[in-house]
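The next block holds one structure in the form of structure tokens; read it before the comments.
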Amino acid sequence: METTGRIFNIARFSLHDGPGIRTVVFLKGCPLACAWCHNPEGMGAAAEAFFRPDRCVGCGRCAAACPRISAGDDAAAGAAAAMAVGAAEMPQAAGTPHVAPFPDGDCPPGCQACAAACPVGAREAVGAPWGVDALLSEALADRAFYESSGGGVTLSGGEPLAQPDFSASFLAACGAAGLHRAVETSGFASEEAFGLVAGQADLLLFDVKLLDPDAHRAWTGADLAPILRNLRSAAAAGIPVIIRRPLIPGVNDGEAEMTVLADLAAGLGLGVDLLPYHGDAEDKYRKRRMPYRLAGAKAPEAEAVARCESMLTGRGVRVRIGG
Ligand code: SF4
Ligand code: SF4
């Protein structure tokens with residue numbers, strides 16, 4: 001039986017996820033819960049349905065499909081809540097039913113009945129099964145662009161290591177088709193799962209978010225040890241690796257963090273991409289009624305980024321800003 005993966009987005013013509021023009025495949029589900037995650041829709045492993053208030057026309061079909069969604073007068077509070085999450089322009093005509101933007105209680109894993117009922121995509125289905133062959137066909141559609149730019153395919157997420165059999169099978173198929181393969185990863189996985197996926201990659205874009213073990217656990221919810229073990233094993237195996245450090249002001253851009261990061265990268269002979277924080281994802285959290293721990297956080301000042309860069313380059317580490 002063909003291995004299938006759960007995927008929540010496929011982005012074509014990306015220029016920021018490895019060399020050249022790339023197709024980026026976002027796998028659903030991640031064992032970490034980073035406070036600054038830019039893809040909260042990719043955190044959960046199961047398929048989900050999210051509300052897009054800007055698209056809703058108030059037809060009420062989702063409420064008819066699901067007892068958890070209030071409609072009509074009962075949804076007055078829901079309409080107010082929709083405005084609170086940024087749906088002030090909710091285009092519901094007079095006389096049409098209003099619906100509550102969020103269901104009453106938790107949804108069963110995998111349920112997308114409201115999304116199937118919605119005629120305008122306002123109940124957005126996030127996470128769909130894909131087989132290796134179908135996904136490869138999708139990726140091959142842009143082969144000419146990869147060849148002209150030195151690009152290829154990138155697995156991202158979520159976390160590709162959380163679906164190791166599918167990730168490895170897809171990467172193997174890409175390799176057989178002559179496509180360059182990159183993997184964006186937190187590195188958090190068992191040795192076995194990491195080896196399976198990393199062994200099929202031409203490049204690992206390896207996040208090292210924090211090097212203080214306690215801070216790492218506090219900000220990501222995960223242990224640092226398996227990440228460092230896997231990073232070292234990839235470097236020892238000669239797999240091309242670029243360390244990526246999202247720069248979160250006041251969290252991981254201090255002198256102590258940069259010193260340890262510089263020592264790690266220099267010791268392994270690896271370059272570092274510094275990815276300055278931006279708050280673009282905050283709206284995603286608001287619209288999904290998810291807590292955002294970095295609410296109101298600002299992007300780092302240019303001087304702060306330059307300071308981090310010089311601390312790394314001063315120890316002989318190659319650095320790119322933005323990757
Ligand atoms: S995902 Fe399922 S349970 Fe949740 S609101 Fe939609 S139909 Fe109802
Ligand atoms: S089915 Fe879609 S458009 Fe109709 S009320 Fe529900 S979310 Fe809005």
Side-chain angles (χ1 to χ4, degrees), residues 4-11 25-35 37-131 134-135 156-160 162-163 166 221 280-293 295:
T4 59
R6 191 170 302 287
I7 287 163
F8 70 92
N9 191 19
I10 299 172
V25 178
F26 294 86
L27 281 85
K28 192 143 168 46
C30 181
L32 276 63
C34 302
C37 178
H38 283 162
N39 294 321
E41 69 273 39
M43 285 180 172
E48 297 171 78
F50 291 115
F51 185 50
R52 298 274 308 260
D54 52 317
R55 295 185 182 176
C56 179
V57 295
C59 70
R61 290 186 199 178
C62 56
C66 178
R68 285 183 168 82
I69 300 176
S70 305
D73 292 343
D74 290 346
M83 294 181 73
V85 297
E89 303 304 323
M90 206 165 170
Q92 292 175 327
T96 58
H98 285 268
V99 295
F102 301 116
D104 183 15
D106 294 334
C107 302
C111 182
Q112 295 180 319
C114 55
C118 179
V120 294
R123 300 280 176 190
E124 184 183 18
V126 179
W130 279 78
L135 192 57
S156 185
E159 173 52 64
Q163 299 185 53
F166 175 77
D280 295 359
E282 188 167 350
D283 201 43
K284 284 189 183 179
Y285 285 78
R286 221 158 34 94
K287 288 186 174 174
R288 287 170 172 80
R289 204 173 47 170
M290 296 169 73
Y292 186 60
R293 291 171 66 191

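Side-chain atoms are counted along with the backbone in the values below, which use heavy atoms only and exclude waters and symmetry mates. Atoms within each ligand, like the ligands themselves, are counted from 1 in listed order.
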List ligand 2 atoms under 4.0 Å from Val120, heavy atoms only on the residue side. 3 (S)
Side-chain touch Trp130/Val25, heavy atoms, less than 4.5 angstrom: no
Go through ligand 2 atom by atom and flag the ones less than 4.0 Å from a non-hydrogen atom of Val57. 3 (S), 8 (Fe)
Please report the shortest heavy-atom distance between Cys62 and Val99, naming the atom on each side. SG-CG1, 4.0 Å
Which of the numbered atoms in ligand 2 are under 4.0 angstrom from any heavy atom belonging to Gly60? 4 (Fe), 5 (S)
Is Arg123 positioned over the aromatic face of Phe51, cation under 6.0 angstrom from the ring centre and no more than 45 degrees off axis? yes
Tightest non-hydrogen contact, residues Met43 and Cys34, listed as CE-O, 4.0 Å
Below 2.8 Å of atom 4 (Fe) of ligand 1, tally up the protein N/O/S atoms for me. 1
When you measure from atom 6 (Fe) of ligand 2 to the N, O or S atoms of Cys59, does any of those distances fall below 2.8 Å? no
What is the minimum heavy-atom distance between Gly127 and Ala47, and which atoms define it? O-CB, 3.5 Å
Quick note on ligand 2: atoms under 4.0 Å from a heavy atom of Ala122 include exactly 2 (Fe), 7 (S)
Out of curiosity, Asn39 CG to Glu159 CD, how far, rounded to the nearest 0.5 Å? 12.0 Å
All heavy atoms of Ala100 vs all of Ile69, minimum pair found to be O-CG2, 3.7 Å
Angle class for the Tyr285/Tyr292 ring planes (parallel below 30°, perpendicular above 60°, tilted otherwise)? tilted
Correct closest heavy-atom pair for Lys28 and Glu41 would be NZ-O, 2.8 Å
Would you name the heavy atoms of Ala11 and Phe26 that are closest together and state the gap between them? CB-CE1, 3.9 Å
Can you establish whether the number of heavy atoms outside Arg61 located under 6.0 Å from its atom CZ is more than 12? no
Under a 4.0 angstrom heavy-atom cut-off, which atoms of ligand 2 come close to Arg123? 7 (S)
Contact atoms of ligand 2, heavy-atom distance to Val99 under 4.0 Å: 5 (S)
Of Cys56, Ala116, Cys118, the one whose closest heavy atom lies nearest atom 2 (Fe) of ligand 2 is Cys118
Per-atom contacts of ligand 2 with Cys62, taking only distances under 4.0 Å to non-hydrogen atoms: 1 (S), 5 (S), 6 (Fe), 7 (S)
The atoms of ligand 2 lying under 4.0 Å from a heavy atom of Phe51, numbered in the order shown, are 7 (S)
